[in-house]
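Throughout, a chain's letter reflects where its sequence line sits, starting with A, and its residues are numbered from 1. No hydrogens, no waters, no symmetry mates; every other heavy atom, side chains included, goes into these values.
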2 protein chains.
Amino acid sequence: MRLTRYFLPILKETPKEAEIASHRLMLRAGMLRQEAAGIYAWLPLGFRVLKKIERIVREEQNRAGAIELLMPTLQLADLWRESGRYDAYGPEMLRIADRHKRELLYGPTNEEMITEIFRSYVKSYRNLPLNLYHIQWKFRDEQRPRFGVMRGREFLMKDAYSFDLDEAAARLSYNKMFVAYLRTFARMGLKAIPMRAETGPIGGDLSHEFIVLAETGESGVFCNKDVLDLPVPGEDVDYDSDLTPIIKQWTELYAATEDVHDAARYETEVPAEKRVNTRGIEVGQIFYFGTKYSDSMKALVVGPDGVEKPVHSGSYGVGVSRLVGAIIEACHDENGIKWPEAVAPFTVAILNLKQGASDTDAACEKLYRALTANGVDVLYDDTDQRPGGKFATADLIGIPWQILIGPKGLAEGKVEIKCRADGSRELMSPEDALARFGAKA
Amino acid sequence: MRLTRYFLPILKETPKEAEIASHRLMLRAGMLRQEAAGIYAWLPLGFRVLKKIERIVREEQNRAGAIELLMPTLQLADLWRESGRYDAYGPEMLRIADRHKRELLYGPTNEEMITEIFRSYVKSYRNLPLNLYHIQWKFRDEQRPRFGVMRGREFLMKDAYSFDLDEAAARLSYNKMFVAYLRTFARMGLKAIPMRAETGPIGGDLSHEFIVLAETGESGVFCNKDVLDLPVPGEDVDYDSDLTPIIKQWTELYAATEDVHDAARYETEVPAEKRVNTRGIEVGQIFYFGTKYSDSMKALVVGPDGVEKPVHSGSYGVGVSRLVGAIIEACHDENGIKWPEAVAPFTVAILNLKQGASDTDAACEKLYRALTANGVDVLYDDTDQRPGGKFATADLIGIPWQILIGPKGLAEGKVEIKCRADGSRELMSPEDALARFGAKA
């Protein structure tokens, strides 16, 4: 993408209303625009990150055997009356009446609807296990939306729902999602630690939150530092195999948010030199809630014994839009964002340090075309901004690799590659720069 | 995908409420479930088609230089008061009050919001031309939603918005979208004919509808049959070149829906043997509306002469969810859907005609793995349904290629490939079948 043809409205001023780093940086980097309290438009740069995160979430859900569908944003109020949650949900539910005065709501989550879909079609244990998910916009009418996409009202969530014949089978489904989440967040360059959690309004008796460690996080976190170095299952993980050793390994070391922190246990179990007290951001939560919805909504399946029983379920959420903010909280410095490569809006930024000079223009153009032709996401800063401005923009928007091309280096046959993560720089020929990104001239 | 692990709830009965073929077939093929009047859940098979269509739309928008962002589904009522459309829009607009009694609405279209975004950031002709688009769910509270996804209330639309300094430049942007639409619909296997259209509530003085020809379409269509054979621009089309010859070629032959049909002109211009009177479905519409929104909403840019002027705009819609229905209307027979390959949920269906027999199981398994490893979308019917049932399901869901693997053929070293489009069948070795789909064993 050529920057002169892109839409990247960088802000010079730090917006006053933004209280946390990710919100400030998303506004300054031209990723986001507020359209109403807690309701945002994703500008092109932000949209690219959102899509890269969504794609990783999708790939890992599919790998774990979950099947994607798409439920609508609006739901019938009557559906929620069946589960009893319509009255229980309170003012965070956005209630709507259509032109015929039928009661609708903007879905904050989809347990009821997926249970309705399930019970309409699935009658036998032969069709189990089943895990259905979607990635769809949700709405929660927060009393006081704040922190940008971290606590927005309209937000993008991946929510999966598993269906099994009994609790033992349901726990296998739960374990698959647990492992999929480990992989999902690790692929985004995050340290996300599963922590035992309260089940809250979803209900049920087993739940884990996945917490991204970030010094600016919303919750205090206490954990054994060894949990930070546990191995994440590879992409060859066999989801049909016994996953309990992985679950055990990831849950036996102490790790808790301040809400459920047990200081006595912490001090007993964790040697002083291994105690880590930091902060974190919740980016996913998984629940096993048994027959909570299948009981009230009559989602029954016939078992091998010919007897009808309510199906056992769990739900598994990932805050897709929230992750954009969480990643920035975990990956930024005073100059801007430092995107992990897997979620970066572009992998490489080419900075033409003397736009209009025929040698730099030609070298940039050649590199840009070759990288693009090889499938590398490149942003080519072909504006007539001065080098200082280009450096600042590239640092602010956090592209992992900057290729600086100026007349002085070119005279020696060199371009400079800067790594945004650690600031390191390296001089090399344009051919070597291409090869670095797996491209050929 | 193995069918035993998929979620494909085929209906045996033809649903009574469905009045048209696409709606009936989407329900029967397990693509869609109604959640409220005009509000649907996209089951996995339907979701795959929706995503394939969305992807083609996106690729062609990007190719034409449009830049993707994502605006939220909910909008502030005040934004629509600025353009005067809040009161003008009528009962089709879904109006919402949040917990603080702030007035919101579920966006039926985004001219106001994109104009607000544009005016907030773009002040100079130097940043033009600009074309921003998104693919987002919209809501129109139809008095009587019907025909499934063809006239739903919650629907997925691609809407692009162009911004230019003056009318001449705006017409270049219009032409780019015109050409992008020709390519978009052709890639989906459709004959979509641009027809001069009324501008309606969007406003403006230039508009074309793109009409897919289908005998079951909603509108009568009159055209010169030569328009059906016009060449569609290739993927090497240069959007920076002069596109007017293409536009001229596609607009000079007579083609009109019954709403604007001019019988006298038709009979004068079109020789009797070239007159085609058929039916069609609108799948896209493009508008040039000049300064309609920039005037009222003060979206001004400074020109090269230093003078501020309202920006000239157009909007360009594609009915993404509607296209699923339109394609089925154009491509089906009495046995089910006949997907064009580019939008098919799976390219190949493998039908194991004797599940449980070791030779057919092994042959199917080998073919399934090899095709999948080569990136072919395969649905493997590994259920214990009898062959007749498998044939019926494969025909109903419309997979373009069926590979039938049974003991009799295998004994002769053959599998059978059936083409869903024309019903033709061919016997060949499994290796040749692989090669047919560009795969290696």
Relative to chain B, which segment of [X] carries a heavy atom at a distance below 4.5 Å: side chain, backbone, both, or neither?
X: Leu94(A); value: side chain
X: Leu132(A); value: side chain
X: His134(A); value: neither
X: Arg102(A); value: side chain
X: Leu128(A); value: neither
X: Gln75(A); value: neither
X: Ala37(A); value: side chain
X: Leu3(A); value: neither
X: Tyr40(A); value: backbone
X: Leu45(A); value: neither

Between the side chains of Tyr133(A) and Gln61(A), is a donor N or O closer than 3.5 angstrom to an acceptor N or O?
-> no
Hey, are Asp164(A) and Ser173(A) close enough side-chain-wise for a donor-acceptor pair under 3.5 Å?
-> yes
Residue among [options] with most heavy-atom pairs under 4.5 Å to chain B:
options: Ala36(A), Pro44(A), Gly46(A); answer: Pro44(A)
options: Thr4(A), Ile67(A), Val122(A); answer: Ile67(A)
options: Met71(A), Met93(A), Arg99(A); answer: Arg99(A)
options: Leu43(A), Leu74(A), Leu130(A), Asn131(A); answer: Leu74(A)

Under a 4.0 Å threshold between the charged nitrogen and the carboxylate oxygen, would [Y] count as salt-bridged to [X]?
X: Glu59(A); Y: Arg63(A); result: no
X: Asp377(B); Y: Lys52(B); result: yes
X: Lys158(A); Y: Glu68(A); result: no
X: Arg81(A); Y: Glu103(A); result: yes
X: Asp98(A); Y: Arg95(B); result: no
X: Lys138(A); Y: Asp159(A); result: yes
X: Arg33(B); Y: Glu116(A); result: yes

Checking [X] against chain A: side chain, backbone, both or neither under 4.5 Å from a heavy atom?
X: Glu154(B); answer: side chain
X: Ile96(B); answer: side chain
X: Leu156(B); answer: neither
X: Ile114(B); answer: neither
X: Tyr106(B); answer: side chain

Contact leader toward chain A among Asn127(B), Leu79(B), Thr73(B), where contacts are heavy-atom pairs under 4.5 Å = Thr73(B)
Most chain A-contacting option - heavy-atom pairs closer than 4.5 Å, from Ala97(B), Pro72(B), Ala41(B) = Pro72(B)
Taking the six-membered ring of Phe139(B) as reference, does the NZ or CZ atom of Arg153(B) fall below 6.0 Å from its centre and within a 45° cone about the axis?
-> no
Can the positive tip of Arg48(B) be found less than 6.0 Å from the middle of the six-membered ring of Phe346(B), inside 45° of the ring normal?
-> yes
Separation of Leu69(A) CG from Ile117(A) CD1 (nearest 0.5 Å) = 6.0 Å
When the ring planes of Tyr380(B) and Tyr368(B) are compared, do they come out parallel, tilted or perpendicular, using 30° and 60° as the limits?
-> tilted
